[in-house]
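A short write-up of the structure that comes next.
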Amino acid sequence: MNAAPVHRLFAAQLAKVGAASGEPDLDRLGQLVSDSYAAAERERRRANRALGLMAEELENANERLREVVATLQVQNGRFEAALENMSLGIAMYDAEERLVVANTRLCEVLCVPPGSLRVGMTFSEVVAVCTEAHHFSETRASEVYEFRRRVFAAGSAFQFEEPRGRNIVAVTTRALDGGGCILTFEDMTERRRAEAQVEHMARHDALTGLANRTLLRGRLEEALARASRGESFAVLYLDLDRFKAVNDTLGHPVGDELLRAVTARLRASIREVDTAARLGGDEFAVVQASLHQPQDATVLARRLIEELSRPYEIQGQQLVVGTSIGIALAPEDGASADVLLKHADLALYRAKSEGRGTWRFFEREMDAQMQARRRLELDLRRALAEQEFQLLFQPLVHVGSRRIIGFEALVRWHHPERGLISPAEFIPLAEETGLIMPLGEWVLHTACREAASWPEQVSVAVNVSAVQFRSPLLVDAVAAALRASGLPGSRLEIEVTESIMLQDNVATLAILHRLHGLGVRISMDDFGTGYSSLSYLRSFPFDKIKIDQSFVRDLDKQGDARAIVSAISGLGRSLGMSTTAEGVETQEQFEQLRADGCLEAQGYLFGRPMPARDASALLRHQRAVQPAG
Ligand SMILES: Nc1nc2c(ncn2[C@@H]2O[C@H](COP(=O)(O)O[C@H]3[C@@H](O)[C@H](n4cnc5c(=O)[nH]c(N)nc54)O[C@@H]3COP(=O)(O)O)[C@@H](O)[C@H]2O)c(=O)[nH]1
């Protein structure tokens with residue numbers, strides 16, 4: 001029987017204890033075997049420790065790896081969320097033109113069915129999906145394909161916009177390092193729509209949608225360029241008559257609706273090639289293109305006046321406004337948009353001052369007149385500061401006794417160069433410029449101061465314009481003039497024209513009642529001209545009606561003047577109002593007025609407007625006024 005093979009290490013130990021040569025030293029062998037076990041034990045422990053350390057390290061490494069993976073997953077999730085929540089469509093292609101990244105938005109922006117563009121598709125397959133969705137024709141698709149291919153190849157960035165269905169898409173292409181490219185698609189539809197809206201708003205009037213001044217100026221420049229090649233055109237400047245009264249009395253919503261209704265008629269009255277614009281408030285302009293002759297502008301102006309003057313039905317109310325029109329012809333009336341508009345405006349001013357509801361062509365001398373008017377305005381401002389005004393007083397007599405019962409205060413302007421200027425010339429200008437307020441106050445104070453020195457049965461009448469009535473300060477100004485002069489309110493008469501009743505009726509009536517509250521009497525001036533609406537006489541208890549001098553002038557002529565004077569006198573009597581006939585110049589007129597029952601009279605027959613000292617002298621020396629001349 002063969003002995004079992006001995007491990008070489010054990011054989012070495014046996015050799016050491018002499019087992020090969022004779023008797024082995026068993027103690028030594030035991031010692032050696034024990035040492036070997038001990039060494040092996042140490043080795044095993046060392047190895048175990050090393051293994052433990054390695055396992056620990058491995059575990060640590062694993063932990064770190066798990067953390068990195070978790071972080072990467074979070075990061076990935078974030079990128080994914082970002083990609084999916086982008087308003088842009090993203091498509092990333094690798095160097096082989098394969099789609100490697102695509103977000104959901106991509107399909108939406110490119111207007112293709114959801115999920116139809118997937119990672120792994122080739123570029124040409126993506127283009128095919130878009131072609132299928134009818135966004136490109138076959139030819140266009142191959143163009144797109146070729147174009148993108150060049151972008152891939154060139155590695156350069158491109159940006160352009162293209163239509164996709166009803167949308168507009170901005171495409172940005174950027175090459176990636178190592179081949180491939182990234183395409184972003186932005187839906188520009190809303191932005192372009194908003195930009196178009198902003199652009200529209202910048203050039204159109206918000207209320208009516210008509211061109212505004214900016215767009216009008218542009219159209220005028222274009223028309224002027226065509227005019228230099230021989231194509232004439234006209235600029236019609238329109239202003240609505242009586243619009244302000246509608247706006248003030250019925251309120252802005254009604255005013256706005258009226259302006260839109262006017263716009264509709266304006267649009268319907270012009271051709272496609274013409275431009276209608278709103279210049280603000282109740283001012284409009286029309287550029288009438290391709291004018292063959294000036295009469296074409298007349299035809300359009302007449303049509304516009306007719307159309308815009310027809311009654312409007314607004315919020316259940318019938319409203320009537322008219323229009324006045326100024327016309328400038330191009331190129332002869334101006335070589336720039338501003339000059340043409342200015343000249344059309346000057347012509348409009350003339351149309352309005354000559355009766356409204358009509359049109360006027362621009363004439364060269366209008367410019368000079370407007371400049372003269374501007375100079376007059378500057379002079380008027382200076383006149384107030386320099387006290388160039390004087391107040392004259394014209395007697396008012398009692399028809400029965402012919403005694404002076406009062407004076408009407410009438411202002412005069414002593415211009416240092418032009419001499420005496422009539423109030424008929426400067427009062428309208430003072431009204432337009434607002435200078436009537438300080439001027440009116442001066443008149444009130446001066447008139448009350450003078451009247452305070454007269455006998456107590458003699459009163460003073462002061463004209464107050466409609467513009468002054470728009471100010472809430474009027475009543476305070478009257479009260480201040482009475483206080484400062486010590487004149488009782490009952491000796492002051494305020495003369496108003498019926499134009500004040502066309503303004504905001506409620507506010508006007510409130511002012512009239514407050515004036516009455518001061519004891520002041522109110523008379524309706526120039527009655528018989530204008531609207532002469534009897535409703536005005538019913539809406540406020542006027543103390544006096546002044547019969548306009550145009551009727552008195554015609555009293556001795558054939559006609560209806562006498563009937564009118566007689567009717568107004570009768571009306572005054574039955575309403576408990578006094579009546580004064582203005583502009584009495586002849587004894588015959590006076591006799592007729594007396595016969596018709598008119599109570600008071602005023603006119604050159606009894607005295608022209610005179611300085612304050614003459615009025616005082618007249619009062620002192622005359623017991624009864626005798627007819628002059
Ligand atoms: N708001 C203000 N208006 C005023 C003031 N002062 C005058 N006015 C208004 O100006 C208009 C013209 O006034 P005037 O030139 O003074 O003419 C007045 C009289 O002089 C004139 N008149 C008087 N009698 C006769 C006459 O027999 N014949 C004739 N041809 N004219 C005559 O009439 C004018 C008086 O008008 P009225 O006021 O209607 O009584 C005029 O509208 C004035 O109102 C002012 O301070 N503030």
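Ligands are counted one by one from 1 in listed order, and the atoms in each one are counted from 1 as well. If you're wondering where the values come from, they're calculated on a predicted model, not measured in any experiment.
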Is any NZ, NE, NH1 or NH2 atom of the basic residue among E408 and K546 found under 4.0 Å from an Asp or Glu carboxylate oxygen of the other?
yes
- Do the rings of F393 and W454 sit parallel, tilted or perpendicular, given the 30° and 60° boundaries? perpendicular
ring-ring contact (aromatic ring centres under 6.0 Å, His included) filter on F540, not counting sequence neighbours, yields H513, H516, F542
Quick one about S336 and D338 (side-chain donor to acceptor, distance below 3.5 Å, no hydrogens or angles considered), yes or no?
no
Considering only N or O atoms, set out every pair between ligand 1 and the protein closer than 3.5 Å, with distances to one decimal place.
residue  : atom   : partner : partner atom : Å
ligand 1 : 6 (N)  : V411    : N            : 3.1
ligand 1 : 16 (O) : R412    : NH1          : 2.9
ligand 1 : 16 (O) : R412    : NH2          : 3.0
ligand 1 : 24 (N) : Q394    : NE2          : 2.9
ligand 1 : 27 (O) : Y604    : N            : 2.9
ligand 1 : 28 (N) : E585    : OE2          : 2.5
ligand 1 : 30 (N) : E585    : OE2          : 3.3
ligand 1 : 31 (N) : Q549    : OE1          : 3.2
ligand 1 : 31 (N) : Y604    : OH           : 3.3
ligand 1 : 33 (O) : Q549    : NE2          : 2.9
ligand 1 : 38 (O) : E408    : OE2          : 2.9
ligand 1 : 38 (O) : N463    : OD1          : 3.1
ligand 1 : 38 (O) : D525    : OD2          : 3.2
ligand 1 : 39 (O) : D525    : OD1          : 3.3
ligand 1 : 39 (O) : D525    : OD2          : 3.2
ligand 1 : 39 (O) : D526    : OD1          : 2.8
ligand 1 : 39 (O) : E582    : OE2          : 2.9
ligand 1 : 40 (O) : E408    : OE1          : 3.0
ligand 1 : 40 (O) : E408    : OE2          : 3.2
ligand 1 : 40 (O) : E582    : OE2          : 2.2
ligand 1 : 44 (O) : N463    : OD1          : 3.3
ligand 1 : 47 (N) : N463    : O            : 3.4

The complete set of ring pair (Phe, Tyr, Trp, His ring centres under 6.0 Å) pairs with one or both residues in residues 571-596, sequence neighbours excluded, reads F590-F606
I'd like a table of donor-acceptor pairs (distance under 3.5 Å, sequence neighbours excluded) in which one partner is a side-chain atom from residues 423-439, with atom names and distances.
residue : atom : partner : partner atom : Å
E425    : OE2  : R418    : NH2          : 3.0
E431    : OE2  : S465    : OG           : 3.0
E432    : OE1  : R373    : NH2          : 2.0
E432    : OE2  : Y349    : OH           : 3.4
T433    : OG1  : L429    : O            : 2.8
T433    : OG1  : A430    : O            : 3.3

